[in-house]
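Below, all heavy atoms of this structure are taken into account, side chains as well, without hydrogens, waters or symmetry copies. Convention: sequence-line order gives letters A, B, ...; per-chain numbering from 1.
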Amino acid sequence: MFPYPSGNIHMGHVRNYVIGDICARYHKLKGDEVIHPMGWDAFGLPAENAAIQFKTHPQDWTITNIKNMKDQLLKLDLDLDWDRELATCNENYYRYQQELFIDLYNAGLAYKKDAVVNWDPVDQTVLANEQVIDGKGWRTGATVEKKKLSQWFFKITHYAEELLSGLDKLTLWPEKVKTMQKNWIGKSLGAEIKFEIAGKDNFLNIFTTRPDTIYGATFIAVSINHQIISEVLDTASIEKIRKDFEEVSDDKEKIGIKLNLRCKHPILDKEIPVYIANFVLDNYGEGAIFGCPAHDERDYEFAKKYNLPIIKVIDCLDTELPYIGDGKLINSPLLDGLNKDKAIEEIIKFFSKTGTGHKKINYKIRDWGVSRQRYWGCPIPVIYYEDGSYRVLDKSELPVLLPYDISLEGKGNALLNKDEWRKIICNKTNKKAYRETDTLDTFVDSSWYYIRFLNNKLDKPFDPSKANELLPVDKYIGGIEHAILHLLYSRFFMKALRDIYNLKIDEPFKQLFTQGMITHKTYKTNADEWVMPIEVVSKNGKLLRSKTGEAIEEGPSEKMSKSKKNVVEPNVILENYGIDATRVFMISDSPPDRELEWTDEGIQSSKNLVNRIERYFSKKDGDVNLEVEKEVEKFVNNIEKNILSFSFNKCVADVYTLFNYLEKKNVYLYNDKLSKKILICLFPIVPKLSKSLNKSLFKSDDFERWPEINIDLLIENKIKLPVQIHGKLITTIDTNKGYSEKEILKSIYELDKIKNKMQNKKVTKVINVQDKIINIIIN
RNA sequence: GCGCCAGUGGCGGAAUGGUAGACGCGCUGGUCUUAGGAACCAGUGGGCAACCGUGGGGGUUCGAGUCCCUCCUGGCGCACCA
């Protein structure tokens with residue numbers, strides 16, 4: 001539980017925390033040791049933006065929001081361990097993060113380099129690759145620019161293989177998230193091949209997954225950012241080409257600029273031309289490829305456009321070109337007759353021998369750029385000297401506190417203009433020095449908070465023995481939007497910390513549950529103005545805006561969002577319906593991993609259920625017999641099973657089923673011992689009501705342990721046995737378990753419905769699945 | 001384009017290969033009440049019926065919503081990844 005303190009709790013938070021709260025309460029009743037903490041992901045840009053907009057300070061804004069949201073959370077009456085509370089913007093958190101940064105640096109997992117990075121022009125900061133979606137900033141939606149800057153990186157690529165292979169062991173994670181991470185890591189097997197540049201004592205490295213098609217290579221293409229280009233073209237021409245590339249309207253269109261360069265073919269005695277091509281990515285492989293037009297779609301398109309030769313090296317029809325699939329190698333003296341896999345193997349052997357290439361595993365994932373050119377974040381504990389060299393501080397020099405007194409008015413990072421903070425004298429060298437003014441990506445903050453929760457007051461980042469004892473987190477609940485950001489970073493952190501601190505933990509989160517969004521119908525006026533649901537009234541079957549009487553059009557149900565105004569406020573709901581009804585509705589209609597549509601009917605019927613339970617327990621009537629006991633036992637068993645499998649919607653159905661049964665039988669248990677059982681099972685779902693009933697019926701403030709299941713009570717002897725003919729249900733017959741097939745068939749053949757079907761046909765076969773079903777086959 | 005997931009009444013959704021539609025919402029009829037965002041009772045997949053029904057078509061099986069093949073539709077993710 002680690003919300004961003006944006007100001008208010010919304011329904012999405014409520015759903016998330018109710019799910020977690022049910023789990024926590026259940027496990028506590030089971031006698032398990034439960035840690036159910038809450039903290040604040042409190043650094044980040046919205047605070048700076050809000051501070052500028054409202055003429056306040058990011059810290060004040062954040063602290064006020066935390067206070068406000070905490071008040072709202074308290075009203076939800078969640079069973080949280082508030083004494084574990086933490087906020088990343090507190091010195092007591094981020095100073096330990098600075099220690100971890102030093103640890104990572106010393107372990108070679110944090111480093112600084114010049115790199116072409118993603119620049120968000122709106123937020124005025126660098127973004128990690130993971131934070132760029134469709135070329136746009138994940139928060140601002142602004143088109144990301146490329147900038148060359150010196151930046152801090154975390155070496156997530158060091159763990160690329162383990163981050164990938166580890167996914168298989170995460171059996172309690174949704175497949176979908178694992179697939180997304182797999183794609184992001186993007187492992188591919190292939191070869192790196194050296195191409196000698198004709199007339200120069202220099203090479204060009206390329207990566208390929210299809211070294212078998214080397215005989216079909218007819219050109220080389222490099223990315224616009226490839227360093228070889230600067231050796232042949234001046235900066236102005238490069239910029240001109242870069243611009244031309246950017247201006248292509250169809251971004252799939254292939255454009256190439258032929259360079260005054262040729263490469264020697266690594267096997268054949270010939271030279272092939274080198275192009276700059278817009279479709280070659282600079283951040284994948286070597287930023288350079290060899291083109292084999294006959295067997296690659298892009299290369300084919302490119303070759304057609306620039307009249308490059310197309311040489312077939314895999315046997316196929318000319319009409320099939322470009323042919324991507326497997327086949328027999330041709331026109332390839334060393335490989336002729338082999339199929340693809342064998343040819344790849346052979347050619348790599350050959351290259352290794354001649355020194356022109358080798359086997360290579362390539363990953364798409366890049367190191368995590370963590371520098372942010374913003375004030376409101378964790379300062380990076382580094383200083384720079386006047387000669388440009390830098391020093392990562394010692395732990396004894398920590399904390400590097402974020403100065404409060406700054407001006408956000410100017411452009412860029414406020415820390416840059418804060419000289420009295422930035423300019424220091426290095427206490428080791430006595431030289432003039434400057435503090436690093438970049439701060440850490442807030443995803444760093446959230447990559448280890450779950451460890452800090454284990455002991456939030458410790459005077460070091462965490463206690464390794466506690467971590468070993470309690471991690472990984474058993475149940476981790478959140479939205480799918482974290483699939484490759486937070487969840488990948490946290491996995492990286494766990495592995496890095498494992499290696500640094502010699503921990504026994506490989507993965508941070510054992511079970512991951514991704515909850516669905518809450519949606520609501522949308523409403524618009526004819527003038528295309530969004531209208532809050534609360535303003536809409538229905539009159540004579542027509543929707544009107546209550547204030548003005550304007551006609552309202554109802555739109556599809558969409559994710560609740562402020563911009564579409566289709567939100568309901570938790571505090572309003574709590575006031576009108578109470579916490580128990582709110583909890584019931586959060587889990588009742590849809591399975592928790594799917595969308596939940598907010599409806600007035602839904603929340604109302606949840607309230608009705610809560611009232612009904614209360615009413616039920618106000619009366620005593622009827623006899624408690626074995627059948628009732630069995631029904632209650634079934635209820636306990638089902639609730640438990642469904643809580644454990646996150647099938648909370650079925651838990652609600654179990655509650656209805658139980659009370660439907662009891663009321664139908666006119667059995668009102670009141671303070672019978674069965675009521676105690678029922679109330680314990682209701683406690684995780686409707687804690688307030690359950691607690692108050694327990695108090696009034698049993699004069700107790702506490703609950704006993706979650707009831708042990710008595711298996712004997714779950715066994716049902718009397719059954720309705722389905723009887724089929726040719727697999728189609730004809731009727732059912734009342735009998736006891738363990739019936740004799742012979743005898744039951746005798747009575748089955750006496751049934752009218754069966755007789756009608758059988759007429760004078762002969763039974764050829766009887767399938768008796770004992771105690772389950774009987775299927776009769778007739779000719 | 002590639003990958004993943006899903007398609008079940010009017011709606012949300014239940015069903016270890018074994019009685020499809022649990023449970024809820026909505027709806028219909030009735031009861032109670034000064035009143036009720038209430039409660040209670042009966043009903044509610046389609047069809048007068050025989051029967052027909054889980055996106056379409058094939059298959060495996062005594063038996064398929066569930067497994068296999070194929071197609072269609074929708075959602076999500078990735079997308080010039082060499």
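Closest to the side chain of A:Gln604, out of B:rC40, B:rU19, B:rA38, is B:rA38. Comparing B:rC40, B:rG3, B:rC76 by their nearest atom to the side chain of A:Lys176 picks out B:rC76. Comparing B:rC25, B:rA20, B:rG37 by their closest approach to the side chain of A:Ser605 singles out B:rC25. Distance from the side chain of A:Asn775 is smallest to B:rG18 among B:rC78, B:rA42, B:rG18.
Side-chain atoms of A:Lys254 and base atoms of B:rC80 include a donor and an acceptor less than 3.5 Å apart. Between the side chain of A:Lys772 and the base of B:rU19, no donor-acceptor pair of N or O atoms lies under 3.5 Å. Scanning atom types as modelled, no donor and acceptor separated by under 3.5 angstrom connect the side chain of A:Asn183 and the base of B:rC78. Counting atom types as modelled, A:Glu601 pairs no side-chain N or O with a base atom of B:rG37 as donor and acceptor under 3.5 Å.
Along RNA chain B, the nucleotide closest to A:Pro591 and the one closest to A:Lys364 are compared, and the more 5′ of them pairs with A:Pro591.
A:Lys720 comes within contact range of at least one nucleobase, with a heavy-atom separation under 4.0 Å. A:Lys664 comes within 4.0 angstrom of sugar-phosphate atoms only, judged by non-hydrogen atoms across all strands, and of no base. Heavy atoms of A:Tyr656 sit under 4.0 angstrom from primed sugar atoms or phosphate atoms, though from no base atom. Looking at heavy-atom distances under 4.0 Å, A:Asp299 makes no contact with the nucleic acid at all. Residue contacts for A:Asn660: at a heavy-atom cut-off of 4.0 Å it reaches the sugar-phosphate backbone alone, with no base atom in range. Nucleic acid contact for A:Ile777: sugar-phosphate only, since backbone atoms but no base atoms lie under 4.0 Å from a heavy atom of the residue. If you check every strand for non-hydrogen atoms under 4.0 Å, A:Val280 touches a base.
The aromatic rings of A:Tyr306 and A:Phe302 are tilted relative to each other, their planes meeting at an angle between 30° and 60°.
In this entry B:rU44 has B:rG26 as its Watson-Crick or G-U wobble partner, both defining distances falling under 3.5 Å. Pairing of B:rG36, defined by two Watson-Crick or G-U wobble distances under 3.5 Å, is not identified with any nucleotide.
By the 4.0 Å N-to-carboxylate-O rule, A:Glu716 lies too far from A:Lys737 to be salt-bridged with it.
Residue A:Arg594 has a polar side-chain atom (N or O) positioned under 4.0 Å from OP1 or OP2 of B:rG13.
Rounded to an integer number of Å, the gap from CD of A:Glu554 to C1' of B:rC11 is 13 Å.
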